[in-house]
> 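What follows is a structure written as structure tokens; I'll ask about it next.
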Amino acid sequence: MSHEHVSYLELLARGAATEAYDRPVLLARASGAGAEVLAGLEEAKQLALRVRADLEGRRRREAELSALFATAHDLAGLRDLDAVLRAIVQRARALLGTEVSYLSLNDPVAGDTYMRVTEGSVSARFQQVRLGMGEGLGGLVAQTARPYVTADYFGDDRFQHTGTIDSAVRDEGLVAILGVPLSLGSQVIGVLFAADRRARVFEREQVALLGSFAAHAAVAIDTANLLAETRSALAELERANDIIREHSAVIERASEVHDRLSELVLRGGGVHDVAEAVSEVLGGTVDFTETPAGGAARRSGGHAVREGDDWVAAVSAGGEHLGALVLRGRPDLDPVDLRTLERAALVTSLLLLARRSAGEAEQRVRGELLDDLLDAPDRDRRLLRERAARLRTDSAAPHVVLAARIDRTGPADDTGRPGRESADRQRLWSAASHLAATRGGLASARDGGTVLLLPLGPGEDAAELARQTARHLGGTLREPVTVGASAPVRHLLDHPDRVAGAYQEARRCLDALGLLHRAGEGAAAEDLGFLGLLLADGRDIGGFVERTIGQVVAYDRRRGTDLVRTLDAYFASGMSPARTKDDLHVHVNTVAQRLERVGRLLGPDWQAPSRALEIQLALRLHALSSAVSRA
């Protein structure tokens, strides 16, 4: 075997690029080799290239078979349809070597096709586009049930071009597109696509490979539908069996619960004792919640109503809703069992009224302590600690100051009456005091509304506490109650002067909610986005930037990338990848890859209007702070 033939074997062994196979011929020609030697080398080169092409084809087919096997394995253990479809789209993109792949499903009600899964797409407009039957390449595939391929979409007149579809394809920068149908028997349910942002020709083998993935995707969708139908049928059978088992014992349960509730009232039992007794008798799980029942339960005239698979009985007295009994685990109840749940709700309301009467004196004391913290924070701190300890207030926990008021939208001649306003303040103070007592906090009437000082529980923040308080008070009073919250106050009794400042911050948030027409909601400064920067005492600009784009800034810092500048150019160009690449003087593929990384860092909704506005403000503040630090 000649030295030159050995060279070609070495090139094959190390998988060299095609260009490397010209080198032995060039070297022989340069050394003055004869025509016979050169012809032999040329023949050996062509043979080596054929062997190389055959090896590459085998490797490619092995990878394709491996991906198809992995997809079939995913289907065998189908748990999450979206995860299986995303895996199919990702593998199709990788094996066909395209920049974008996506899958659309037909909507039989609307009579069009919509995007279900995309991979590699960075345009929000493209991800939300819908195609009518026969419109665009995908609409034609869905209509004809045949694969279609184009090397130049905009130059191809086989498709019905529309302004909406063409704008979306142009915004994504796509040029070459291959689409194959997702078929169940003779029915087309969607289309699987592979696309590039440059002109290319899709080979017949690639069309067949994408068709194989489409077949797997169709099977996954059909399997998920069958599983859903099976689960539904099993649930119906189980409910029918429950009715048969429960019916024979319903009268006995009613008698038992009557006796147990009577005994509980006579021996001074509590609300949770009632819930436990009814749980045992009805065979489900009964919980008392201080969150008032929904509108249907409140308007039911004392009758329990069904919400999903649960039954809800409002607990109320004198027109005030105190909470609800929620029965879970018994989706179908006999009328006698329903009456049992309603009777338990009535007993619960009587017990709550008794407990409230006993606690009114304690509520007044709690209000006086909060008034002192707001108006006279310089009083003896030792005495403040003693009073807080008697009221079982955990002064070591961080607390939030909340300002609340009723925001009624009724007729002016009714809401403006002094008597009505005074009654509203009294009702709000009563409900707030009850809430504060149950949470180990304080409440007091102030400035036409109510102020609360509540401790934060594990994992809670000021914004969530404000929303919970607004929902609770609004549901209890059957009026919209708006709540503004301060930032947490730490070491409460070591710095009692901070409570007054926190109250002013809570009032500013309350007023801002009114100006934003968000009556009946609860919020803290951090809830109001960039508006919160103006309301909070701390003016935490750095915290706002960190919450909004901190992950992108950190990624640039660690990797030396340019995601922040790309984001800035993207918004400046009207969120168009095609125009962004001109501003940055890079290829559109580079823009697409960067924006795809941004989406993984910030989440899929980063281009939604409200988030996009905050991201743009954060970019400006980040740029300003960077300029100041450099100066």
Side-chain angles (χ1 to χ4, degrees), residues 360 363-379 384 391 393 399-410 412 414-437 439 441-455 462-463 465-474 476-489 492 495-525 527-528 531-532 534-537:
E360 285 182 352
Q363 292 172 7
R364 286 193 292 272
V365 174
R366 289 179 178 275
E368 292 169 358
L369 175 57
L370 180 53
D371 286 335
D372 283 348
L373 290 172
L374 290 169
D375 300 328
D378 54 346
R379 288 195 173 182
L384 289 176
L391 294 172
T393 298
H399 283 64
V400 173
V401 178
L402 304 110
R405 69 171 176 232
I406 294 178
D407 279 317
R408 187 183 293 105
T409 56
D414 179 57
T415 57
R417 293 202 308 243
R420 181 61 179 270
E421 292 177 358
S422 177
D424 283 346
R425 287 196 296 270
Q426 177 61 33
R427 291 169 61 232
L428 179 59
W429 172 82
S430 178
S433 296
H434 177 66
L435 174 62
R439 288 193 56 119
L442 309 173
S444 177
R446 180 172 289 256
D447 297 326
T450 296
V451 55
L452 299 94
L453 181 67
L454 299 181
L465 182 58
R467 289 190 287 271
Q468 290 178 7
T469 303
R471 286 195 298 267
H472 179 93
L473 296 179
T476 298
L477 301 178
R478 290 188 293 175
E479 301 277 8
V481 176
T482 309
V483 177
S486 72
V489 178
L492 184 69
H495 306 281
D497 54 307
R498 295 178 181 175
V499 177
Y503 175 57
Q504 294 305 318
E505 180 181 342
R507 283 293 306 277
R508 289 195 294 271
C509 285
L510 179 64
D511 293 339
L513 288 172
L515 292 173
L516 294 172
H517 305 291
R518 291 173 57 180
E521 297 185 25
D527 249 345
L528 303 177
L531 181 60
L534 306 176
L535 301 176
D537 282 337

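Just the heavy atoms: all of them, side chains too, but no hydrogens, waters or symmetry mates, feed the values below.
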> Calculate, to the nearest 0.5 Å, the distance between atoms OG1 and CG belonging to Thr482 and Asp407 respectively.
3.5 Å

> What heavy-atom pair brings Ala404 and Leu428 nearest, and what distance separates the two atoms?
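That closest heavy-atom pairing would be O-CD2, 3.7 Å.
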
> Could you please spell out the steps behind the side chain to side chain contact (heavy atoms under 4.5 Å, CB included) verdict for Leu473 and Thr469?
CA-CA 6 Å; Leu473 296 179; Thr469 303; 3.7 Å; yes

> Please round to the nearest 0.5 Å and tell me the distance separating atom OG of Ser433 and atom CG of Leu452.
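So the gap between those two atoms works out to 7.5 Å.
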
> Show the nearest heavy-atom pair for residues Ala403 and Tyr503, with the distance to one decimal.
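Residues Ala403 and Tyr503, closest heavy atoms: CB-CE1, 4.1 Å.
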
> Taking all non-hydrogen atoms of both residues, which atom of Ala466 and which atom of Val483 are closest, and how far apart?
O-CB, 3.9 Å

> Out of the candidates Arg405, Arg425, Arg507, only one should pair with Asp447 under the side-chain hydrogen bond (donor to acceptor under 3.5 Å, both in side chains) rule; please name it.
Arg507

> So, for Val400 and Ala462, which heavy atoms are closest and what is the spacing to 0.1 Å?
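Looking at all heavy atoms of both residues, the closest pair is CG2-CB, 4.0 Å.
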
> For the CG atom of Leu435 and the CG atom of Leu454, what is their distance to the nearest 0.5 Å?
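CG of Leu454 is found 5.5 Å from CG of Leu435.
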
> Please report the shortest heavy-atom distance between Gly520 and Ala470, naming the atom on each side.
O-CB, 4.0 Å

> Drop me the distance from Arg518's CZ to Cys509's SG, to the nearest 0.5 angstrom.
10.0 Å

> Tell me if a side-chain donor or acceptor on Ser486 pairs with a main-chain N or O of Glu505 at a distance below 3.5 Å.
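Checked: no pair found.
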
> So which atom in Ala506 and which in Gly484 form the shortest heavy-atom distance, rounded to 0.1 Å?
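Taking Ala506 first and Gly484 second, the nearest heavy atoms are CB-O, 3.4 Å.
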
> What is the distance from atom CZ of Arg439 to atom NE2 of His434, rounded to the nearest 0.5 Å?
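Answer for the CZ-NE2 pair, Arg439 versus His434, is 12.5 Å.
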
> Given Leu402, which partner from the list Leu465, Leu510, Thr450, Leu453 fulfils the side-chain contact (heavy atoms from CB on, under 4.5 Å) test?
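So the option named by the test is Leu465.
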
